[in-house]
Student: 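Would you mind keeping the following structure in view while I ask a few things?
Everything numeric in this text was worked out from a predicted model, so none of it was measured. In this chain, residues are counted from 1 in sequence order.
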Amino acid sequence: MGLRTFSKENTRIPRMQIRVESRSLCDVVVVVPEIFQDARGFFSETFRADQFKALGLPTEFVQDNHSRSAKGVVRGLHFQWEPPMGKLMRVTAGSAFLVAVDIRKSSPTLGQWVGIEASAENRRCVWAPSGFARGFCALSDGAEIQYKCTGIYNGQAESAIRWNDPAIGIRWPLSDVFVSDKDRKARTLAEWLASPESEYFQYAMEPEFQNEVGS
């Protein structure tokens, strides 16, 4: 087999951009990183502190997580209050339906949800701050989700909202799903709001991360 070579001129990568595709519930942001592809494969900058700062998104992440799920697996809806944990989620293999639910007291969008189909092909990354419960449903066999977290995991200060709470009414794309016992027994949104821990998530007029430069 012969060795194929590429000249430096033909493989120079231009400055890559991360663009905002959409904003939902004021603070849930979908970003899509630019991709460079040629006959060898592809390259993409999925996170850049300078561009995230310019878009009003967080730049300090302290933990990276990576999960793999079979088709139909639902995980969530998870959140953590101490330390507060926001998540930047993306799918690196297969596809999944990523969900965020507003659980902030006094929020004008309390109990509302947003769902985004993300895949390795469309490269969508979903940012949801700490005042949102997050989860996903794997749409393909072997869907892999990676997420960057703004807080270190603390099992003593984390909880979940039931994935099928009728008060929220998430329209999951699959009806035949698999849920862990822990997630199946999670409390409802009303039970969470009645708990003392819910005081940790209070709605603020300003977003958790300011857009300092403009989007």
Student: Working to the nearest 0.5 angstrom, can you tell me the gap between Arg68 CZ and Thr92 OG1?
Tutor: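 Spacing of CZ (Arg68) from OG1 (Thr92) equals 9.5 Å.
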Student: Answer whether the closest heavy-atom distance between the side chains of Glu191 and Arg162 falls below 4.5 Å.
Tutor: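 SC-SC contact between Glu191 and Arg162 confirmed.
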Student: For Phe61, look at atom CZ and say whether over 12 heavy atoms of other residues, nucleotides or ligands are found less than 6.0 Å away.
Tutor: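 Buried by this count: over 12 neighbours within 6.0 Å.
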Student: Hydrophobic cluster membership, with links at side-chain heavy-atom distances under 4.5 Å among I/L/V/M/F/W/Y: are Val91 and Trp172 in one?
Tutor: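 Cluster IDs for Val91 and Trp172 differ.
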Student: Rounded to the nearest 0.5 Å, what's the gap from SG on Cys125 to CD on Glu21? Could you check?
Tutor: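 Result: 10.5 Å between the selected atoms.
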Student: I need the minimum non-hydrogen distance between Arg187 and Ser195, along with the two atoms involved.
Tutor: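 Result for this residue pair: NH1-CB, 3.5 Å.
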Student: Verify, without hydrogens or angle tests, whether Asn122 (side chain) and Glu117 (backbone) share a donor-acceptor contact under 3.5 angstrom.
Tutor: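 It does hold such a pair.
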Student: Mind listing the closest non-hydrogen atom pair of Pro33 and Arg123 along with its distance?
Tutor: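 Nearest pair, atom of Pro33 first, then Arg123: O-NE, 3.1 Å.
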Student: Does a side-chain N-to-carboxylate-O contact under 4.0 Å join Lys105 and Glu199?
Tutor: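 Between Glu199 and Lys105 there is a salt bridge, with a charged N closer than 4.0 Å to a carboxylate O.
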Student: If you compare all heavy atoms of Phe136 against all heavy atoms of Ser69, which two are closest, and at what distance to 0.1 Å?
Tutor: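 Result for this residue pair: CE1-OG, 3.6 Å.
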Student: Sub-3.5 Å donor-acceptor pair from the side chain of Gln80 to the main-chain atoms of Ile152, do we have one?
Tutor: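 Between the backbone of Ile152 and the side chain of Gln80 there is a qualifying donor-acceptor contact (under 3.5 Å).
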Student: Indicate, with yes or no, if Leu174 and Leu77 share a hydrophobic cluster defined by side-chain heavy-atom contacts under 4.5 Å among Ile, Leu, Val, Met, Phe, Trp and Tyr.
Tutor: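 Yes; tracing contacts between hydrophobic side chains, which count when under 4.5 Å, links both residues.
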Student: At their closest point, which heavy atom of Asp102 faces which heavy atom of Ser107, and how far apart are they?
Tutor: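 What the structure gives for the nearest pair is OD2-OG, 2.5 Å.
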Student: Could you tell me whether the side chain of Arg104 reaches within less than 4.5 Å of the side chain of Asp27, counting heavy atoms only?
Tutor: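 Side-chain contact under 4.5 Å: yes.
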Student: May I ask you to test the Glu34-Arg19 pair for a side-chain heavy-atom distance under 4.5 Å?
Tutor: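 Glu34 vs Arg19: side chains apart.
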Student: Check whether Leu98 and Val177 end up in the same hydrophobic cluster, where Ile, Leu, Val, Met, Phe, Trp and Tyr are linked by side-chain heavy atoms less than 4.5 Å apart.
Tutor: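 No, separate clusters.
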Student: Between Ser67 and Arg75, do the side chains contain a donor N or O and an acceptor N or O under 3.5 Å apart?
Tutor: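 Ser67 and Arg75 do not have a side-chain donor-acceptor pair below 3.5 Å.
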Student: Under a single-linkage definition using a 4.5 Å side-chain heavy-atom cutoff for Ile, Leu, Val, Met, Phe, Trp and Tyr, are Leu139 and Val99 assigned to the same hydrophobic cluster?
Tutor: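 Yes, Leu139 connects to Val99 through the hydrophobic network.
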Student: With no hydrogens and no angle check, is any side-chain donor or acceptor of Ser140 less than 3.5 Å from a backbone partner on Ser95?
Tutor: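 Looks like yes, one N/O pair under 3.5 Å.
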Student: Closest heavy-atom contact between Asp183 and Gly76?
Tutor: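 Nearest heavy atoms, Asp183 then Gly76: OD2-N, 3.1 Å.
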Student: Is the ring pair Trp192/Trp81 parallel, tilted or perpendicular, if the boundaries are 30 and 60 degrees?
Tutor: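 Answer is tilted, since the angle falls between 30° and 60°.
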Student: Under the side-chain contact (heavy atoms from CB on, under 4.5 Å) rule, what do Ser130 and Thr150 come out as? Steps first, then yes or no, please.
Tutor: CA-CA 8 Å; Ser130 58; Thr150 59; 5.6 Å; no
Student: State, yes or no, whether a side-chain contact exists between Ile103 and Ser198 at a heavy-atom distance under 4.5 Å.
Tutor: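 No, their side chains stay 4.5 Å or more apart.
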Student: Are Val28 and Val30 linked, directly or through other ILVMFWY residues, by side chains that come within less than 4.5 angstrom of each other?
Tutor: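 Both belong to a single hydrophobic cluster.
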Student: Do NZ/NE/NH1/NH2 and the carboxylate oxygens of Lys53 and Asp50 come within less than 4.0 Å?
Tutor: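 The answer is no: the pair does not qualify as a salt bridge.
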Student: For a side-chain contact (heavy atoms from CB on, under 4.5 Å) check, start with the C-alpha distance between Phe79 and Ile161, then their side-chain angles and the critical distance, and finish with the verdict.
Tutor: CA-CA 8 Å; Phe79 55 93; Ile161 302 295; 3.6 Å; yes
Student: Begin from the C-alpha positions of Phe52 and Ile18 and carry the test side-chain contact (heavy atoms from CB on, under 4.5 Å) through to its verdict.
Tutor: CA-CA 8 Å; Phe52 267 55; Ile18 297 174; 3.7 Å; yes
Student: Quick one, Pro84 and Tyr200 - any side-chain contact, counting heavy atoms below 4.5 Å?
Tutor: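 Heavy-atom side-chain distance check fails, nothing below 4.5 Å.
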Student: Rounded at 0.5 Å granularity, tell me how far CZ in Arg134 sits from CE in Met85.
Tutor: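 So the CZ of Arg134 and the CE of Met85 are separated by 7.5 Å.
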Student: How many angstroms lie between CZ in Phe97 and CZ in Arg171, if you round to the nearest 0.5 Å?
Tutor: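 Going from CZ on Phe97 over to CZ on Arg171, the span is 8.0 Å.
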Student: Under 3.5 Å, side chain of Gln63 to main-chain N/O of Tyr153, donor-acceptor pair present?
Tutor: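 Flag set: sc Gln63 to bb Tyr153 pair under 3.5 Å.
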Student: Measure the spacing between CD of Glu144 and CZ of Arg90 and express it to the nearest 0.5 Å.
Tutor: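 Rounded to the nearest 0.5 Å, the CD-CZ separation comes out at 11.0 Å.
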Student: With rounding to the nearest 0.5 Å, note down the distance linking CD1 in Ile168 to CD in Gln112.
Tutor: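 Atom-to-atom, Ile168:CD1 and Gln112:CD are 11.0 Å apart.
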Student: Is any NZ, NE, NH1 or NH2 atom of the basic residue among Glu158 and Lys182 found under 4.0 Å from an Asp or Glu carboxylate oxygen of the other?
Tutor: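 Salt bridge between Glu158 and Lys182, a charged N being under 4.0 Å from a carboxylate O: yes.
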Student: Show your working on side-chain contact (heavy atoms from CB on, under 4.5 Å) between Leu25 and Phe132 and close with a plain yes or no.
Tutor: CA-CA 10 Å; Leu25 307 181; Phe132 287 76; 3.9 Å; yes
